[in-house]
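Take a look at the structure set out below.
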Amino acid sequence: MSIVSSLQASTIESLSALFNQAFTEKDFQVNQTKPEFEGDYTIVMFSLVKSLKLSPEAIGTQLGEHLVKNFPQLFSRFNIIKGFLNLTVTDNYWTALLQENYNDICYGKKPMNGKKVMVEYSSPNTNKPLHLGHLRNNFLGWSVAEILKASGYEVVKSCIVNDRGIHICKSMIAWERFANGATPQSTNTKGDHFVGAYYVRFNDEYKKEIEALIAAGSDKETAEKEAPLMKATQQMLLDWEAGKPDVITLWKKMNGWVYEGFDVTYKRIGSDFDIIYYESNTYLLGKDIVQQGLNKKVFYQKDDSSIWIDLTADGLDEKIVQRRDGTAVYITQDIGLHLQKYEQYKIDQSIYVIGNEQNYHMKVLQLICKKLGLPNADNIFHLSYGMVELTTGKMKSREGTVVDADDMVDEMIATSKQHTEELGKVKDFNAEELAALYDTIGLGAMKFYLLRVDPKKTMVFNPEESIDFHGFTGPFVQYTYARIKSILRKAGVDSSWFIVHSSTAMIHAPLTINLLKLEKDLLVTLEQYPAAIEQACNEHNPSVVANYVFNLARTFNSFYTEHSIANAESEEKKKLRLYLSVFVAHVIKSGMQLLGISVPERM
RNA sequence: GGUCCGGUAGCUCAGUUGGAUAGAGCAUCAGCCUUCUAAGCUGAGGGUCAUUGGUUCGAAUCCAAUCCGGAUCACCA
């Protein structure tokens, strides 16, 4: 039971005893006491004034006295300032917390709750390489999955690869027309970048055709429709859906190149999936469901034979679910995939990590699933995250201002190498150890940077700030961990030390020494870790963990500078601080792991 | 135009169901390495919480209006 819950329970009990009525935890507020006042937690009296018809001071005095008298194991003293009852929690409470949990690597995590959640994330298109926005998506998806696991859910990580559709045909057409048989191998280019270049090429050539048509007298709309490249692309999509062999062969070849490139990137950034869906496999199921929906009159067919759903009664617009030429649109396959996910895994919840530009799309998808009566439609959750913008504005592929994921990773790792070399603390590392360290720090910095902001918010990517390894950053937290590990190594705290110190003798001899302020600050922060995970889980928000773990590291660093651990004032103090250090190290490692960031033993 | 999201220090962001003098990091300035890793620590300056009104003991937080920014409303995905 957390200190806040204990506090609420004891307050309810005391209030009921004192005033002879029933209370709930909603009748009063519990806050952490502000640093300028004495105490650890504060109960706000004002909300009780009305029902009790007493002054806040009077209630506070009675309650404070009753709490200290009846819960001596929890509270040592209290003070009242205005309507705020500040309670000091006993040192025994904190030292007991320390002894019970310092060596528990599962501290903060919950037992399995029997529920299954699918987290779909990453979801790339096979016509362009991954960029900064995808990195935010991947890190979010991974981290949310870890946070759910820590909260007791069984998690299935999935990915839907957008491997078909008109946009994929664009790069295929461009390659056919302009590549002269070039391949990633022949040009020594990473496969995803290679294909991406032809997608860009398509748009360039297409634009030229439009301009030519307009110059020849067409209006813009007609020109866009009638441009030969676009016609060829549309024909190719039809051929693809008809399974025309040469189109399928080309499609497989080009997608293969992209997957080779993606594999490299995914491996580097540490993304993986339990199941990968391909749109090419799911869109047909979607089309089946569209037919059923048509029969059920959820959908209707227009004269040109395109199929629609009317959502105007729900405050939305009409939405097309199948084109007049019979091909599937984006949402068609999403409907199919929703059903497939459920039938395959019988999941309790389906989380989609998708950018907020698709809020409308996801709303429509859920509504259509509901109207079709598909199972589990109520349990679709869109984890909608904000765009990553640059200090100079939005990323625009046309203007070449897209930050490429591979470049980004390279740069972060190079920066971590440079910093590490400048500091010269790991000169005895061999090449392999160094490479691993640079990866750990560079990726750690990048992941932390993208995860420390509330997912919902549009965030600004500042290249200079992102490679800063000081302050509210991944390397700061990693550094704190490495520092603790260094102390523990020097103090001889290893697995054998734990065997000795975990003996029953230790447990029966609790630490009874008084805590200094910074020691208690650390324990108060450590106690909040389970609550931080819970909040992160409820909000699907890894930034809660990032903020928490930074705060813990900062608190430890203050403590570290102020008090010596190995040369503490007494043996008891030394023991206490070693326990504390071990506990902090465990929680930092665990919290960072929830963010997908590993921590180095040395740096 | 409709719908949705946002606006907090020079910059990037926190800020729990309304609570005490609104917090961090970066940047700026001033300090701290003969003792456990200075990727660290301590301190200072920096705020009309977009604006106006309302609700109340009490509002960055809730409500309304206005201003500004973004997303979306495609036979693109």
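Letters A, B, ... are given to chains in the order of the sequence lines, protein chains preceding strands, and every chain is numbered from 1.
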Considering only the P atoms, how many Å lie between rA60(B) and rU8(B), rounded to the nearest integer? 15 Å
rU37(B) C1' sits how many Å from L488(A) CG, rounded? 13 Å
Just confirming the chi classification of rC62(B), syn or anti, using 90° around 0 as the syn window. anti
Would you please confirm or rule out a distance under 4.0 Å between OP1 or OP2 of rU42(B) and any side-chain N or O of S558(A)? yes
Starting at atom NZ of K26(A), determine the distance to atom C1' of rU17(B), rounded to an integer number of angstrom. 8 Å
OP1 or OP2 of rU37(B) sitting under 4.0 Å from any side-chain N/O of K485(A)? no
Tell me what F476(A) touches on the nucleic acid: a base, only sugar-phosphate, or nothing, going by heavy atoms under 4.0 Å. sugar-phosphate
Sequence neighbours left out, what passes side-chain contact (heavy atoms from CB on, under 4.5 Å) with T473(A)? Give chain and number order. P475(A), F476(A)
Phosphate oxygens OP1/OP2 of rG40(B): is one of them under 4.0 Å from a side-chain N or O of H470(A)? yes
Below 4.0 angstrom from OP1 or OP2 of rU37(B), is there any side-chain N or O of S486(A)? yes
Under the rule for side-chain contact (heavy atoms from CB on, under 4.5 Å), what residues qualify as partners of K456(A), not counting sequence neighbours? D454(A)
Using side-chain contact (heavy atoms from CB on, under 4.5 Å) as the criterion, list what pairs up with V453(A), not counting sequence neighbours. R136(A), K457(A), M459(A)
Checking contacts here: which listed nucleotide (rG19(B), rA20(B), rC36(B)) is nearest the side-chain heavy atoms of F46(A)? rG19(B)
Taking only the side-chain nitrogens and oxygens of Q29(A), find out if one of them lies under 4.0 Å from OP1 or OP2 of rG19(B). yes
Atom P, compared across rA24(B) and rA9(B): separation rounded to whole Å: 15 Å
Of all residues at least two apart in sequence or in a different chain, which pass the side chain to side chain donor-acceptor pair (under 3.5 Å) check with Q333(A)? T282(A)
My understanding is that only residues two or more places apart in sequence, or in another chain, count here; which of them pass side-chain contact (heavy atoms from CB on, under 4.5 Å) with T440(A)? Q478(A), S598(A), P600(A)
Rounding to an integer number of Å, can you tell me how far E389(A) CD sits from rG6(B) P? 15 Å
Nearest-Å distance for atom pair CG/P, residues N551(A) and rA24(B): 10 Å
How would you label the contact of T42(A) with the nucleic acid (heavy atoms, under 4.0 Å): base, sugar-phosphate, or nothing? base
Out of N137(A), N356(A), T458(A), which one pairs with Y385(A) under the side chain to side chain donor-acceptor pair (under 3.5 Å) rule? N137(A)
Scan residues 36-49 of chain A for pairs that pass salt bridge (charged side-chain N to carboxylate O under 4.0 Å, His left out), counting only residues two or more places apart or in two chains. E38(A)-R77(A), D40(A)-K520(A)
Nearest-Å distance, CZ (F37(A)) to C1' (rG19(B))? 11 Å
For RNA chain B, what string of dots and brackets results from 5' to 3' when Watson-Crick and G-U pairs need both distances under 3.5 Å, crossing pairs get [ ], and pairs with another strand get |? (((((((..((((.....[...)))).(((((.......))))).....(((((..]....))))))))))))....
Tell me the interatomic distance from E601(A), atom CD, to rC36(B), atom C1', rounded to whole angstroms. 16 Å
Atom of S171(A), atom of N127(A) and distance for their closest heavy-atom approach: OG-CB, 3.7 Å
Under the rule for salt bridge (Lys or Arg N to Asp or Glu O under 4.0 Å), what residues qualify as partners of E569(A), not counting sequence neighbours? R577(A)
Listed once per pair and sorted, the salt bridge (charged side-chain N to carboxylate O under 4.0 Å, His left out) pairs that draw on residues 307-320 of chain A, sequence neighbours left out: K302(A)-E318(A), D314(A)-K371(A)
If every non-hydrogen atom of F262(A) is compared with every non-hydrogen atom of K128(A), which pair is closest and at what distance? CZ-O, 3.7 Å
Which of rU37(B), rC36(B), rC57(B) is nearest the side chain of R483(A)? It is rU37(B)
For rG7(B) versus rU48(B), give the span between their C1' atoms, rounded off to a whole number of Å. 14 Å
Enumerate the residue pairs fulfilling salt bridge (charged side-chain N to carboxylate O under 4.0 Å, His left out) with a member in residues 458-478 of chain A, sequence neighbours excluded, ordered by first and then second residue. R452(A)-E465(A)
Taking for each residue the nucleotide of RNA chain B bearing the nearest heavy atom, is the 5' side occupied by D468(A) or by T480(A)? D468(A)
About how many Å separate CE of M446(A) and CZ of F461(A), when rounded to the nearest 0.5 Å? 9.0 Å
Under 4.0 Å protein heavy-atom contacts per nucleotide of nucleotides 8-14 of chain B, with B for base, S for backbone only and - for none: ----SSS
Please tell me which of the listed nucleotides, rA20(B), rU37(B), rA24(B), lies nearest to the side chain of A482(A)? rU37(B)
Distance check, C1' atoms only: rC63(B) and rC76(B), in whole angstrom units. 40 Å
Give the B/S/- string for nucleotides 71-77 of chain B, one per nucleotide from 5' to 3', where a protein heavy atom under 4.0 Å of the base yields B, of only the sugar-phosphate yields S, and otherwise -. SSS-BSB
When the C1' atoms of rA38(B) and rG23(B) are compared, how many Å lie between them, rounded to an integer? 25 Å
Mind calculating the distance between CE (M45(A)) and C1' (rG19(B)) to the nearest angstrom? 12 Å
Nearest whole Å is fine: how far is rG58(B) C1' from K34(A) NZ? 14 Å
